[in-house]
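Contents: one structure, followed by commentary.
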Protein chains: 2
Amino acid sequence: MKVTDHIHIKDDSRIPKYQQIVDGIIENISSGQLKIDDKIPSINALSEHFLLSRDTVEKAYNILKDRKVITSVKGKGFYITRTKLISKVNVLFLINKLSSYKMRIYNSFVSRLGGNSHTDLHIYHCDESLFLNLLTKNSMAYDYYVIMPHFKTSALHHISSTDEVLRALGKIPESKLIIMDNDLQQLPGTYAEVYQDFEGDIYTALTQGLEKIKNYRRIIMAYPARSVYPYPKRILHGFRRFCVENKLPFEVIDEIYDDTVMHDGDLFITIEESDLVSLVKQVRDKGMVLGEDIGIISYNDTPLKDLLGITVISTDFDQMGRSAAELILEKRVEKVKNPFRLIERESL
Amino acid sequence: MKVTDHIHIKDDSRIPKYQQIVDGIIENISSGQLKIDDKIPSINALSEHFLLSRDTVEKAYNILKDRKVITSVKGKGFYITRTKLISKVNVLFLINKLSSYKMRIYNSFVSRLGGNSHTDLHIYHCDESLFLNLLTKNSMAYDYYVIMPHFKTSALHHISSTDEVLRALGKIPESKLIIMDNDLQQLPGTYAEVYQDFEGDIYTALTQGLEKIKNYRRIIMAYPARSVYPYPKRILHGFRRFCVENKLPFEVIDEIYDDTVMHDGDLFITIEESDLVSLVKQVRDKGMVLGEDIGIISYNDTPLKDLLGITVISTDFDQMGRSAAELILEKRVEKVKNPFRLIERESL
DNA sequence: ATTGCCGGGCCGGACAGTACAGGATAGGGA
DNA sequence: TCCCTATCCTGTACTGTCCGGCCCGGCAAT
């Protein structure tokens with residue numbers, strides 16, 4: 001028995017022939033005659049059997065492939081991949097590392113996208129080759145690719161690997177790509193984006209609090225430079241620009257240790273939570289008062305920082321996830337800047 | 001015994017046959033059945049054994065040769081040359097939801113496992129069908145499956161879907177399975193596990209602080225029952241048992257609202273961070289003092305709770321990830337109870 | 001009425017990948 | 001020598017993929 005015997009299409013001149021083929025396959029699936037992983041007739045076989053042009057069958061199969069009902073394997077044939085015909089939106093959410101902030105972005109993204117979707121989260125640990133692996137392995141299998149590009153800023157300036165990343169990203173259809181968090185100036189084309197303007201954001205946020213900041217004698221930023229997960233250098237640039245333009249004495253240190261020297265009138269800007277913790281502990285140990293003797297501005301807000309009265313400069317993580325989801329839901333291709341602001345609390 | 005008996009290839013019509021041969025050899029290497037310098041079947045032997053064209057086998061062997069997995073010696077045969085690069089451990093890390101605690105477990109797991117490994121993180125949002133999908137789709141592709149089984153406790157008691165979950169888990173080879181966090185009493189077999197004894201843990205931790213707890217007039221637990229992400233009911237059981245056995249008046253509420261009534265001498269146990277936040281805010285608004293008028297014990301520790309002086313009962317998340325990684329690294333099949341303890345701070 | 005445009009349908013060709021069936025050659029080992 | 005080995009070769013036949021061109025009918029603007 002030939003495979004083509006399974007397929008039945010009824011000729012109705014009112015509807016296009018390729019549509020009849022599509023409906024025929026769908027019907028054979030829903031009636032249970034075609035099951036998952038079954039092979040369906042080749043283009044040649046079907047076109048000869050029903051006296052159709054090869055092109056017509058090809059068109060029908062392409063529609064089914066776009067709907068992800070069937071998959072094609074070059075040189076072998078077409079195979080049924082899905083029997084449930086509800087079309088879920090599949091998203092690949094690719095992030096460099098898993099922090100509580102990234103987590104909030106992911107969660108708000110998923111909940112805004114709603115139930116008729118599935119998003120896979122993958123983490124590439126700032127590793128270029130792992131990033132490329134994940135992207136090539138999962139290439140073309142998703143409807144959307146939400147990507148946060150953050151890589152190790154190698155001192156050796158490996159042009160090759162950065163180029164490879166850009167080439168891999170270029171292979172993704174622009175309509176399916178959403179760049180998050182870190183905007184890539186080197187990537188050409190018109191794709192969607194929800195970005196932080198790291199340099200400008202910190203500059204304007206600090207400027208907003210300039211009057212209070214002026215009361216401090218020195219500003220010290222704890223910028224984790226030696227971390228395996230680098231933060232954008234532009235944070236530093238923005239901070240420096242703010243200090244220089246306002247003629248404020250400043251300093252940049254790697255980390256806040258238990259014995260980091262601090263004086264009355266110091267204002268600390270912390271990025272890592274661990275630095276914040278050891279800083280607050282030290283301030284308490286020395287009997288100093290936050291917001292009077294020592295000032296703290298922390299990067300990235302959390303509810304518990306609110307309780308602690310820590311002044312923060314922060315982007316809106318939930319908004320970032322929502323924005324990305326809405327770009328997908330509304331099929332918009334825009335570059336959206338995520339809101340960033342200074343939230344003044346007792347520690348400043 | 002013929003050499004060909006070692007090689008197993010599974011016939012999947014979608015995948016090209018030469019690729020199946022390649023995968024089969026790789027699998028035999030990574031499972032340790034084929035070691036370095038071993039001879040693999042000749043082209044003729046394999047083609048006859050599996051009724052394949054010689055050309056197909058040749059193609060597969062050429063791919064392996066290009067990848068430098070095997071070397072050919074004219075007139076002799078093919079020999080395995082590399083096993084190191086292939087023996088990268090692949091892990092599927094399957095969790096119900098993404099919280100900051102799960103994140104810490106994941107991060108400590110990955111860092112303990114080290115560089116010669118790759119772990120994919122997937123989230124099934126407490127959804128049984130999604131869980132089954134992820135498991136069947138990725139079946140047999142990983143070396144280890146680290147799974148946190150938490151599902152919606154449906155009031156309707158869908159035996160069917162629970163059964164399906166157990167059957168799906170049963171299909172995973174016991175040596176590859178590590179159950180985390182929530183122990184499944186219903187799952188038979190000897191598999192590895194790192195579990196919390198939710199009922200016993202909270203009972204003993206609270207008993208540890210009994211003297212201080214006795215000073216409070218009433219104990220109120222905020223247990224989020226209506227959440228889409230349910231917490232194990234055994235937390236409640238353990239709490240109730242503690243209260244009943246010590247003859248302490250208690251109460252269980254869903255959530256802490258802005259207008260939740262609270263009296264002098266109330267001790268709150270919070271699970272969700274949002275409950276903790278609104279509770280602390282209320283206490284402050286009413287001019288009450290934490291640890292004197294109102295007590296708080298929070299579930300799950302974080303560095304910022306330490307700063308806030310919040311007494312916690314908590315498992316050691318970092319340890320949990322480390323334990324799971326060590327079970328894999330040392331190839332141990334044991335059931336490990338994760339440490340749980342009461343950390344007394346000012347709020348009690 | 002003519003024109004341009006678009007989509008359905010058809011035709012055939014070029015290309016690449018899969019799989020098979022051989023044959024020819026050179027080397028290894030007993 | 002004989003049998004097995006890898007290697008390279010030419011075919012054949014099928015597969016999906018992509019291309020340009022063709023016809024036709026409907027549809028809207030000129």
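The chains referred to below are lettered A, B, ... by the order of the sequence lines, with proteins before strands, and numbering in each begins at 1.
- Between dG9(C) and Lys59(A), no contact under 4.0 Å exists linking OP1 or OP2 to a side-chain N or O.
- When the nucleotides dA6(D), dC20(C), dG16(D) are ranked by their closest atom to the side chain of Ile43(A), dG16(D) comes out on top.
- For Asp55(B), taking side-chain heavy atoms from C-beta onward, the closest of the listed nucleotides dG16(D), dC18(D), dC9(D) is dC9(D).
- For Arg54(A) against dG16(D), no side-chain N or O and base N or O form a donor-acceptor pair under 3.5 Å.
- When each of Arg67(A), Lys68(A), Lys331(A) is tested with Asp143(A) by the rule salt bridge (Lys or Arg N to Asp or Glu O under 4.0 Å), just one qualifies, namely Lys68(A).
- Among the nucleotides dT18(C), dT7(D), dG28(C), the one closest to any side-chain atom of Lys76(A) is dT18(C).
- Atom CZ of residue Arg54(A) and atom NZ of residue Lys59(A) lie 15.5 Å apart, to the nearest 0.5 angstrom.
- For Pro16(B), the listed nucleotide lying nearest its side chain is dA19(C); candidates were dG16(D), dT7(D), dA19(C).
- Between Phe131(A) and Tyr124(A), the angle of the ring planes goes over 60°, which puts this pair in the perpendicular group of the 30/60° scheme.
- Spacing between atom NZ of Lys39(B) and atom P of dC4(D) amounts to 12 Å, rounded to whole angstrom units.
- Rounded to an integer number of Å, the gap from CD of Glu48(B) to C1' of dC20(C) is 15 Å.
- At whole-Å resolution of the value, CD in Glu58(B) and P in dC8(D) are 8 Å apart.
- Checking the phosphate oxygens (OP1, OP2) of dT7(D), a side-chain nitrogen or oxygen of Lys65(B) falls inside 4.0 Å.
- Remark on DNA chain D: of its neighbouring residues Asn62(B) and Val73(A), the 5'-side contact belongs to Asn62(B), judged by nearest-heavy-atom nucleotide.
- As rounded to whole Å, 12 Å separates atom P of dC10(C) from atom CG of Leu46(A).
- Going from atom NZ of Lys74(A) over to atom C1' of dA14(C) covers 12 Å, rounded to whole Å.
- Ring-centre distance between His122(B) and His118(A): not below the 6.0 Å cut-off.
- Between Asn44(A) and dC14(D) there is no side-chain N or O to OP1 or OP2 distance below 4.0 Å.
- Set against dT18(C), dT7(D), dT17(D), the side chain of Tyr18(B) has dT18(C) as its closest nucleotide.
- As a whole-Å value, the separation of Ile63(B) CD1 from dT7(D) P is 14 Å.
- Whole-Å rounding puts the Phe78(B) CZ to dG27(C) P distance at 17 Å.
- For Thr56(A) and dC10(C), the shortest distance from a side-chain N or O to OP1 or OP2 is below 4.0 Å.
- Taking atom CD1 of Ile21(B) as the reference point, atom C1' of dT18(C) lies 12 Å away to the nearest angstrom.
- Phosphate proximity of dC20(C) to Lys17(B): present, with a side-chain N or O under 4.0 Å from OP1 or OP2.
- Note: Tyr18(B) and Tyr61(B) fail the aromatic proximity criterion, with ring centroids not under 6.0 Å apart.
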